[in-house]
Amino acid sequence: MTNREIARTLDRIADILQLKEENSFKVRAYRMAANTIYNLDEDIKVYYEKNQIAEIPGIGKTVSANIIEMLEKGSSEYYQTLTEDIPEGLLDMLLLPGMGHKTVKLIYDHLGINNREDLLKAAQEQQIRKIPGLGAKTEYNIIKGMELINQNRGKATLGLSLPMAIEFRNYLADCPQVVQASIVGSVRRGKSIVGDIDILLSGYDFAAIKSWVIAYRGIKDLNRNEMDSIGGQLDYRINFEVILVHPDSYYTALVWTTGSKSFRDQIFTGVDPSALIGLHSEETVMQKLGLDYIPPEMRENTGEIELARQGTLPVLVSRQDVKGDLHIHSDWSDGGSSIQQIAESCRQMGYAYMAITDHSKSLPISGGLNEERLAAQGVVIDEINARLNDIKVLKGIEVDVLKNGELDFSDDTLNKLDIVIASIHSHFRLDKEQQTERIIQAIKNPQVNIIGHLTGRLLNRRGPYEVDLPRILEAAAKHNVALEINSHPDRLDIDDFTARKVKDYGVKVAINSDAHHYNDLYMVDYGILTARRGWLEAEDIINCWDLPRLLTFLKE
DNA sequence: GCCGTTTTCGGCCCGACTGTTTTCAGTCG
């Protein structure tokens with residue numbers, strides 16, 4: 001089992017223990033162990049071979065034995081035993097907003113409900129309110145929550161599907177009969193939510209390749225096996241399709257299978273794709289069609305084809321353009337790494353600068369900083385800056401926007417910092433007018449440089465709060481405040497649609513990782529994909545600018 | 001369940017809001 005799979009199982013053990021109302025510290029121990037394994041730098045098997053699993057901080061004898069069993073047998077007997085008491089469907093119910101462990105268990109005990117579909121039915125039939133302690137609002141929240149989930153039924157976040165797609169592709173590329181292999185479809189286009197994982201393979205011996213595909217250990221179900229394609233389900237119920245072509249038509253097939261349906265219908269109109277054989281790159285395929293090369297993220301038929309015909313496509317931002325990360329949490333609040341460790345990782349990523357932006361005091365669970373600790377952190381950052389000469393650590397904060405639009409710190413305190421991100425972490429349910437006013441209030445504050453995760457959405461979990469986007473964009477332009485593309489794959493907020501609009505208003509963007517561990521810094525890749533889907537160029541993004549220019553922007 | 005030690009047990013564990021209540025348990029960031 002991989003680190004990710006082990007972490008997931010440990011997390012599920014924690015959930016079941018919590019449902020069973022076991023000692024909350026025991027729950028926490030499993031939760032922390034899951035987190036540790038997830039963030040581990042190395043493959044857990046390396047520790048296993050050295051017999052060092054129990055030496056990982058937070059992992060003791062019991063959990064280590066559990067992990068070893070998972071590595072050796074591919075499953076955990078402890079987990080299996082636990083699911084005899086607590087059906088796994090309860091874990092799905094937990095994913096609904098407002099449904100915690102106590103509520104899920106209460107409903108299970110009273111009505112025997114152990115899956116989301118039955119839960120929805122019970123809510124619609126007003127059965128939930130009959131349970132002591134629960135009422136109509138709970139039913140309403142269940143119905144609303146299920147609407148959100150059903151909207152994206154069977155779809156997975158890019159954060160889940162992209163790593164799985166890469167792993168699958170790499171496995172397939174190892175097949176001796178495979179000549180070329182590529183991720184295609186919506187994953188390659190970088191959509192934040194995808195319906196399935198599509199892989200294109202080329203080769204001559206389809207039968208041999210197909211046997212190799214079928215042998216993949218990640219496949220949970222195989223439901224289609226045709227001459228030139230195989231389909232089924234991977235882990236997490238994610239659908240997949242593997243498409244086989246002859247090497248001569250690989251690049252044409254790459255264009256065909258990557259584009260949205262609308263895109264390929266448009267560009268292949270009147271053209272027989274099978275006539276486009278023997279080409280050696282996507283560029284030449286597009287050339288034959290009279291187009292400049294259109295990057296995968298743009299292939300949605302929303303105007304890019306016309307630009308490609310005219311030769312006026314934008315030059316999209318890429319990883320090499322990004323010069324720093326402006327939203328990072330350290331162990332001074334709820335992050336898991338020291339500033340020193342983060343600085344070292346940022347240096348290795350080739351960044352010229354980075355900002356430490358921990359939470360402010362009104363978020364106590366996150367260990368939010370008060371004025372004193374913020375000042376103390378500043379001293380530490382000064383020391384680090386004195387030691388490092390090839391990267392600049394900026395002093396920042398992710399300051400909470402309070403209900404009335406005021407900030408959690410005084411202007412004086414904020415003025416001492418290099419960079420201020422203002423974010424909402426509470427009162428998600430204000431109406432559109434109030435929420436918009438609240439954010440504009442924050443934008444107007446001269447200390448604020450960036451608005452963090454504008455709509456608060458959590459993909460597949462929590463919808464965005466409603467805001468009047470044009471008004472916010474106008475205010476941001478007027479007060480020289482950038483909007484964040486929060487790169488966490490559960491957020492990707494602002495989304496590609498909004499990113500596409502900012503240029504019209506003259507608003508700048510910051511692509512930030514919001515990393516809580518140095519291993520999460522790479523998440524910026526998801527943000528870059530979203531920015532590319534929003535047609536953004538390096539010029540539009542403040543952390544693609546060199547440090548002097550960035551500092552000028554921050555001071556304005 | 002993990003950890004650390006004044007070392008084999010006792011501590012770990014915040015606070016505001018929500019929904020259901022009528023004094024508070026549960027959720028969530």
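All chains are named by letter (A, B, ...) in the order of the sequence lines, taking the proteins before the strands, and each is independently numbered beginning at 1.
- To the nearest angstrom, P of B:dG15 lies 14 Å from CG of A:D408.
- Here A:P57 lies in heavy-atom contact (under 4.0 Å) with sugar-phosphate atoms only.
- Atom NZ of A:K45 has more than 12 heavy atoms from other residues, nucleotides or ligands within 6.0 Å.
- Pairing for B:dT27 goes to B:dA16, judged as Watson-Crick or G-U wobble with the two contacts each under 3.5 Å.
- Nucleic acid contact class of A:M99 (heavy atoms, under 4.0 Å, all strands): sugar-phosphate only.
- The side chain of A:H359 contributes no N or O atom lying less than 4.0 Å from OP1 or OP2 of B:dG29.
- Taking atom CD1 on A:I53 and atom P on B:dC2, their separation rounds to 13 Å, with Å as the unit.
- Side-chain polar atoms of A:Y48 and A:E72 form a donor-acceptor pair below 3.5 angstrom.
- Remark: A:E5 does not engage A:R8 in a salt bridge, criterion side-chain N to carboxylate O under 4.0 Å.
- Put simply, A:R31 has no side-chain N or O that comes within less than 4.0 Å of OP1 or OP2 on B:dG1.
- Within 4.0 Å of A:R129, counting heavy atoms only, lies no atom of the nucleic acid at all.
- Looking at heavy-atom distances under 4.0 Å, A:S426 makes no contact with the nucleic acid at all.
- Atom C1' of B:dT18 sits at a distance of 27 Å from the matching atom of B:dC12, rounded to the whole Å.
- A salt bridge links A:R31 to A:D15: at least one charged side-chain nitrogen sits closer than 4.0 Å to a carboxylate oxygen.
- Taking atom CG on A:N141 and atom P on B:dT27, their separation rounds to 12 Å, with Å as the unit.
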